[in-house]
Amino acid sequence: MKREPQIDDLLAGPRGRRLLLEYAMAVEEQKAQWQLSRAVRAAARAFEPAGTMIWIGGGSPAEPETMSPAEAAHVLAQVTFAEPSQAHARSALARSIDMARYWQEPDGEDQLAATPEMRDALQRVAVHLAPAFSSWWWPMLREAQWAVQWDDEGIAAPRAISAEELRQHRARMIEGEQQAQRDGPVDPAANMSGDWWSMPAWLAPSTAGETFDGSPAALWFVEDGLGWERGFAHRATIAPDARVFEIDGAPAWADLCRRFPLVVTASRRHDWYRTTGRVGEWVIPDWASVAQHYDAVHLQTGAYLAVAGTAVEVGDGRASVIAGWNPDETYWLTSAVQFAEAPQTWVSPDGQNEEWWLE
């Protein structure tokens, strides 16, 4: 079932707010005006974690002027919007995704966008965008799914993960948690890092849909990307009876964690404390158990924007974080998906995911 566009979703989470801010800056930059970009840099400076280098124009570090969130919000309020731009929205979403980080504190612009003054100003952007991008709240489109392999992975089509591989992955996760319990500091603020992701095993193939121009979404929307310049897109064929669990918001993720919990408190507490500020017990879904009931799990773009990087309360004092996922991404836990052997080859001229061309 397709949900109606949710303006509140775009304001609820760090990735949604950053999307709105990036979109407004992209609109202004197209008009060769830079007041908002400068204001955001100046106001975000006060929120940057200690030791962060501030860079502005000219390619050298400098001390920008300071500005309050209220002053930056006033500048944002002056930006004028025409018809919603598909290209600007795609670019803004890609930039927001690229700034996601679950192993340290949010950057200054994420923190600035969360202030009451900026949230109020960003609501106008959300009202402008949400009706034009209803597909962000759609379930997985079975007829348009692509898996992307990168230039350092080769062109071979992805393969399905087996039940045994999922069980082995679970065993490694439990072993890592037990080791963290023995050796890791209990203080969540300790200078300690480790596993921070919550998606299925790395061997599980994932797919995503298409963007407005027919290009595979997985080319553009990548958390923690490595600047790849070539992507190989394999079209996916989905079994008609494939059972897909839809993550359409925090309640769905909490339900998955409640039904199939895997405790990861010791191995995640330090990273997830830094990114959410929460202290307590942590769980993620036990993907080997999920695979006994569902063939795949799909994270809707709207849910990603609202929930990724936040502490989702599961119950009984436990919480979880959607971390390491990409928007509109579907992870396949069984062989209910097949991939075309011959891929499309896409190239990025600068390795920054700003442009992708079909070779």
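The aromatic rings of W282 and W272 sit perpendicular to each other, their planes meeting at more than 60°, with 30° as the lower class boundary. Ring-plane geometry between W103 and W196 is classed as tilted, the angle between the planes lying from 30 to 60 degrees on a 0 to 90 degree scale. Between W287 and W325, the ring planes lie tilted relative to each other; the angle falls in the 30° to 60° range. The aromatic rings of W150 and W228 sit parallel, their planes meeting at an angle under 30°, below the 60° perpendicular limit.
The shortest non-hydrogen separation linking R318 to V283 is CD-CG1, 3.6 Å. Between V244 and M140, the closest heavy-atom pair is CG2-CE, 3.9 Å. Scanning all heavy atoms of the two residues, the minimum distance from L10 to A130 falls at CD1-CB, 4.0 Å. When all heavy atoms of D213 and T211 are compared, the pair lying nearest together is OD1-OG1, 2.8 Å. Residues A311 and R278 approach most closely at CB-CD, 3.7 Å, considering heavy atoms.
Looking at heavy atoms from C-beta onward, M192 lies out of side-chain contact with D187 at the 4.5 angstrom threshold. Looking at heavy atoms from C-beta onward, V279 lies out of side-chain contact with R269 at the 4.5 angstrom threshold. A 4.5 Å side-chain heavy-atom check between Y23 and V79 finds every atom pair outside the cut-off.
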Audit row: Q292, F260, side-chain contact (heavy atoms from CB on, under 4.5 Å) steps and yes/no | CA-CA 11 Å; Q292 297 176 26; F260 312 104; over 6 Å; no
CA sep, side-chain torsions, deciding dist, call: I284, R268, side-chain contact (heavy atoms from CB on, under 4.5 Å) | CA-CA 10 Å; I284 62 173; R268 300 295 192 280; 4.0 Å; yes
Test log, rule side-chain contact (heavy atoms from CB on, under 4.5 Å), inputs F245 and D255 = CA-CA 11 Å; F245 184 92; D255 177 57; 4.0 Å; yes
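Proximity of a side-chain donor or acceptor of S198 to a complementary backbone N or O of A323 within less than 3.5 Å is detected. With W220 contributing its side chain and R90 its backbone, the two residues share no donor-acceptor pair below 3.5 Å. Checked by atom type and distance alone, the side chain of Q111 pairs as donor or acceptor with a backbone atom of F47 at under 3.5 Å. Remark: the backbone N or O of H88 is not paired with any side-chain donor or acceptor of S91 at under 3.5 angstrom. Checking side-chain atoms of R258 against main-chain N and O of V314 turns up a donor-acceptor pair under 3.5 Å. Side-chain atoms of R142 do not come within 3.5 Å of backbone N or O of Q145 as any donor-acceptor pair. Using modelled atom types, no side-chain atom of R170 and backbone atom of L262 make a donor-acceptor pair closer than 3.5 Å. Side-chain atoms of H234 come within 3.5 Å of backbone atoms of A340 as a donor-acceptor pair (strictly under, hydrogens ignored). Distance alone, capped at 3.5 Å, places no donor-acceptor pair between the D195 side chain and the S267 backbone. When atom types are taken as modelled, the side chain of E177 and the backbone of A266 share a donor-acceptor pair closer than 3.5 angstrom.
Checked for salt-bridge contact, D107 and R101 miss the test: no charged N lies under 4.0 Å from a carboxylate O. Ion pairing between R45 and E48 fails under the 4.0 Å rule for side-chain N and carboxylate O. Between R38 and E28, no side-chain nitrogen of the basic residue sits less than 4.0 Å from a carboxylate oxygen of the acidic one, so the salt-bridge criterion is not met. The pair R15-D110 counts as a salt bridge, with a side-chain nitrogen and a carboxylate oxygen less than 4.0 angstrom apart. With respect to R274 and D271, a salt bridge is recorded, a charged nitrogen being found less than 4.0 Å from a carboxylate O.
Defined by atom type and a distance below 3.5 Å, a donor-acceptor pair is missing between the side-chain atoms of Q179 and E175. Side-chain atoms of S96 and E22 include no donor-acceptor pair closer than 3.5 Å. Side-chain atoms of W137 and D9 form a donor-acceptor pair, as typed in the model, at a separation below 3.5 Å.
Other residues, nucleotides and ligands place more than 12 heavy atoms under 6.0 Å from the OH atom of Y331. Counting heavy atoms of neighbouring residues, nucleotides and ligands inside a 6.0 Å radius, atom NE2 of H74 does not exceed 12 of them. Heavy atoms of other residues, nucleotides or ligands lying less than 6.0 angstrom from CG of D183 number more than 12. The 12-atom threshold is exceeded at CG of L358, counting heavy atoms of other residues, nucleotides or ligands nearer than 6.0 Å. By the neighbour-count criterion of 12 heavy atoms within 6.0 Å, atom CD of Q123 is sparsely surrounded, having that number or fewer from other residues, nucleotides or ligands. Other residues, nucleotides and ligands contribute at most 12 non-hydrogen atoms within 6.0 Å of the CG atom of N191. The 12-atom threshold is not exceeded at CD of Q338, counting heavy atoms of other residues, nucleotides or ligands nearer than 6.0 Å.
Aromatic rings of W197 and W202 (six-membered ring for Trp) have centroids within the 6.0 Å cut-off, being under it.
Taken together through direct or relayed side-chain contacts under 4.5 Å among Ile, Leu, Val, Met, Phe, Trp and Tyr, L305 and I7 form part of one hydrophobic cluster.
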